[in-house]
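Written below as C-alpha cells is the structure these notes are about.
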Protein chains: 2
Amino acid sequence: MTKEATKSARKSAPEPANRRTGARASAAGSSPSPKSASNRAERAAERRGAIIEAAMDEFIARGFAATRLDDIAKRAGVAKGTIYLHFKDKESMFEELIRTAIVPLVTRLWATPPQPGASVRDMVEGFAKTFIEEVANTPRGDLVRLIVAEGPRFPEVADFYYREVVSRGLAGMRALIELGIARGEIRQKNLAQFPQIVVAPALIAVIWQSLFSKHAPLDALEMFRVHLDLIFGERRTT
Amino acid sequence: MTKEATKSARKSAPEPANRRTGARASAAGSSPSPKSASNRAERAAERRGAIIEAAMDEFIARGFAATRLDDIAKRAGVAKGTIYLHFKDKESMFEELIRTAIVPLVTRLWATPPQPGASVRDMVEGFAKTFIEEVANTPRGDLVRLIVAEGPRFPEVADFYYREVVSRGLAGMRALIELGIARGEIRQKNLAQFPQIVVAPALIAVIWQSLFSKHAPLDALEMFRVHLDLIFGERRTT
DNA sequence: TGACAATGACTGACCAGTCAGTCATAAATG
DNA sequence: CATTTATGACTGACTGGTCAGTCATTGTCA
C-alpha cells in the first residue's frame with residue numbers, strides 16, 4: 001500500500017460535477033428574510049440537507065464500506081463532527097439516507113396523471129417513461145444499484161425497500177395487469193401472477209446504464225416499448 | 001465503534017460449513033500414500049483452490065471493501081502471508097477471482113444439449129432452466145450480484161464481464177430470436193433488437209433470491225415460463 | 001451573556017501488506 | 001539406503017497508514 005494511497009488521488013468521489021445549482025440554498029429561503037438562512041433551525045436543516053446530498057453521492061460512488069466520512073464532510077462543506085450532530089453513526093446515516101431518498105422517489109413515480117381515458121398500456125408506458133427519464137437515466141438510478149449492492153448487508157434497508165417500494169409497486173402493477181386483462185388488452189392471464197415480468201426491463205435498464213452504457217448505449221425507452229408490444233400486442237407505427 | 005466491534009461477532013462470514021475434510025491433516029502422515037496431496041505442487045494447487053473458494057465466499061458475503069484478508073486466510077486454513085504467494089494484492093485477487101469463476105459458469109451454461117429437433121422455445125426454456133437451477137437458486141447467483149455491486153468500482157471486471165458474458169450471451173440470444181422469427185415461432189420482429197428483454201426475468205430472479213426471497217419466495221422458473229408465453233404465445237397445459 | 005452549534009485535532013482500533021524465520025520435502029552425498 | 005544439505009512453501013508477528021468516532025475549544029445566535 002504505502003504510496004498506493006496517493007496514486008489514485010484521495011479526492012472525494014468523481015466530483016460533485018453538477019453542483020445542484022444552489023437550488024437548495026434558496027429552497028430553505030422560503031422564509032421572508034432575503035439574507036439567506038440566518039435563522040438557526042433553517043441553517044441546521046440546510047446543513048443536514050447538504051450532508052445527505054453529499055453522503056448520497058459518496059455512497060453511490062464508492063459503496064458503504066469504502067466511503068469516508070471525511071469526504072462526505074468535505075463535500076458537504078462541513079466539519080466531520082457536524083455529521084454526528086445529525087446522525088448517530090455511519091451505519092444509521094446510511095440507512096436513514098436510503099429511507100429519505102426513496103420516499104420522494106416513489107412518490108414522484110406514483111404521481112403519474114391518472115388520465116381516466118387512457119388505456120392500460122398507456123398508463124404502463126407513461127409510468128415506464130417517467131421511470132426511465134427520472135431514474136434510470138439519472139444518478140438516481142444508482143440508488144437502486146446501491147440497494148442491490150448493499151442490501152444483503154443491511155437487512156433493515158432491504159426490508160424497508162421491500163415494504164415501501166417492491167411490494168407496493170408490484171401490487172400496483174398487478175392491479176393494472178388485472179385491469180388490462182379485464183379490459184381485454186392483455187391476453188396472458190398468468191401475467192398477473194408475476195408483475196415482476198412487466199417491470200424487469202426497467203431494472204435491466206438501470207443496471208445497464210451504470211455498468212455497460214459506455215460499451216453499448218441502450219435505448220431503454222424503446223426497449224420498454226418493444227417489451228410492452230409483447231404484452232399488449234403490437235402497436236408500432238414506426 | 002469501540003464495542004460495536006464485538007457485537008456482530010467478528011467471525012468470518014456465515015461459516016465455512018464444510019471444513020474441507022482434513023485432506024491436508026492426513027497429508028502430514030506417512031508420505032508414501034499416493035492418494036491426497038503428498039506432492040509439493042499438488043499441495044500448493046490445493047491451497048490456492050482453498051483460498052479462491054474462501055475468498056469467493058467472503059467477498060460475496062461482505063463485498064470487496066469490507067472483506068478482511070485475515071478472514072479469507074482463516075477460512076482457507078492458511079496463513080495470511082500465503083495469500084500473497086498466490087496473488088499480488090487484494091484487488092488483483094478479486095479481479096482474478098471473478099474471472100476464474102465466470103469462465104466455468106459460462107461454459108456450463110452454454111453446454112446445453114443442442115437437441116436438433118427442438119423448437120426455439122424449448123431451447124430458450126432449457127437454457128433458462130439451467131440458469132435458474134444452476135445459478136439463480138445457488139450461491140453462484142450472488143456472484144452476479146457481486147458484479148453488479150462492485151462493477152462500477154472495478155472497470156476491469158465490468159469490461160471483462162461485458163466482453164465474456166454479456167455481449168456473447170446477448171449475441172447468442174439474438175441469433176436464437178432471429179431463428180425463432182424465421183421459423184414463425186416469434187411474432188414480434190423488433191425483439192431481436194433487444195435480446196435483453198428475453199433475459200431480463202433471469203436477472204430479476206437472481207436479485208430477488210438474494211434480497212427478497214425471505215419476504216416472498218419467487219418461483220423463478222414458472223415466472224420465466226410465463227414470460228416465454230408472452231414471447232412465443234401460450235402453451236400452458238397446466 | 002448564556003446556550004447551543006460547529007469545528008478539527010486527536011485517539012485507538014483496524015487492516016493490507018511485509019519479511020525474517022521455520023520446517024517439511026527434495027536433492028545430493030557417502 | 002541412511003544421512004546431510006538445499007529449497008522454497010508457509011507462517012504470523014509486525015509496521016505504517018487509515019478512518020470512525022470523540023471532545024475540548026471556538027464561534028454564533030437570541
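Here dT11(D) presents its C1' atom at 13 Å from CG of D70(B), a figure rounded to the nearest Å. Atoms NZ (K90(B)) and P (dT18(C)) sit 14 Å apart, rounded to a whole Å. Straight-line distance from the CZ atom of F87(A) to the P atom of dT22(D): 16 Å, rounded to whole Å. With rounding to whole Å, R68(B) atom CZ is found 16 Å from dG17(C) atom C1'. One interatomic measurement links the two molecules: CD1 of I83(B) to C1' of dT18(C), which rounds to 13 Å at whole-angstrom precision. Between the CZ atom of F94(A) and the P atom of dA20(D) there is a distance of 14 Å, given to the nearest Å. Atom C1' of nucleotide dC10(C) and atom OH of Y84(A) are separated by 14 Å, given to the nearest angstrom. One can place CD of E46(A) at 13 Å from P of dC29(D), the figure rounded to the nearest angstrom.
The aromatic ring centroids of F154(A) and F64(A) lie less than 6.0 Å from each other.
The existence of a salt bridge linking D159(A) and K214(B) is confirmed by a sub-4.0 Å separation between a basic side-chain nitrogen and an acidic carboxylate oxygen. Salt-bridge annotation for R153(A) and E150(A): present, with a side-chain N of the basic residue lying under 4.0 Å from a carboxylate O of the acidic one.
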Pairing string of DNA chain D (Watson-Crick or G-U wobble, both atom distances under 3.5 Å; | = paired to other strand) is ||||||||||||||||||||||||||||||
I'd like a table of atom pairs between the protein and nucleotides 2-6 of chain C - only N or O on both sides, under 3.5 Å - with the distance next to each one.
unit_1, atom_1, unit_2, atom_2, d
dC4(C), O2, R40(A), NH2, 3.2
dA6(C), O3', R47(A), NH1, 3.4

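Checking each of R140(B), R75(B), R62(B) against D57(B) for a salt bridge (charged side-chain N to carboxylate O under 4.0 Å, His left out) leaves exactly one that passes, namely R75(B).
The ring pair (Phe, Tyr, Trp, His ring centres under 6.0 Å) search around H215(A) returns Y162(B), not counting sequence neighbours. Residues meeting the ring pair (Phe, Tyr, Trp, His ring centres under 6.0 Å) test with F87(B), sequence neighbours left out: none. With sequence neighbours excluded, the residues that form a side chain to side chain contact (heavy atoms under 4.5 Å, CB included) with V78(A) are R47(A), I51(A), A76(A), T82(A). In this view, S92(B) and K88(B), D89(B) satisfy the side chain to side chain contact (heavy atoms under 4.5 Å, CB included) rule, not counting sequence neighbours.
Residue contacts shown for K80(A) include a base, since a base heavy atom lies under 4.0 Å away.
Checked by atom type and distance alone, the side chain of T67(B) pairs as donor or acceptor with a backbone atom of E58(B) at under 3.5 Å.
Residue whose closest nucleotide on DNA chain D sits further toward the 5' end, between F64(A) and G81(A): F64(A).
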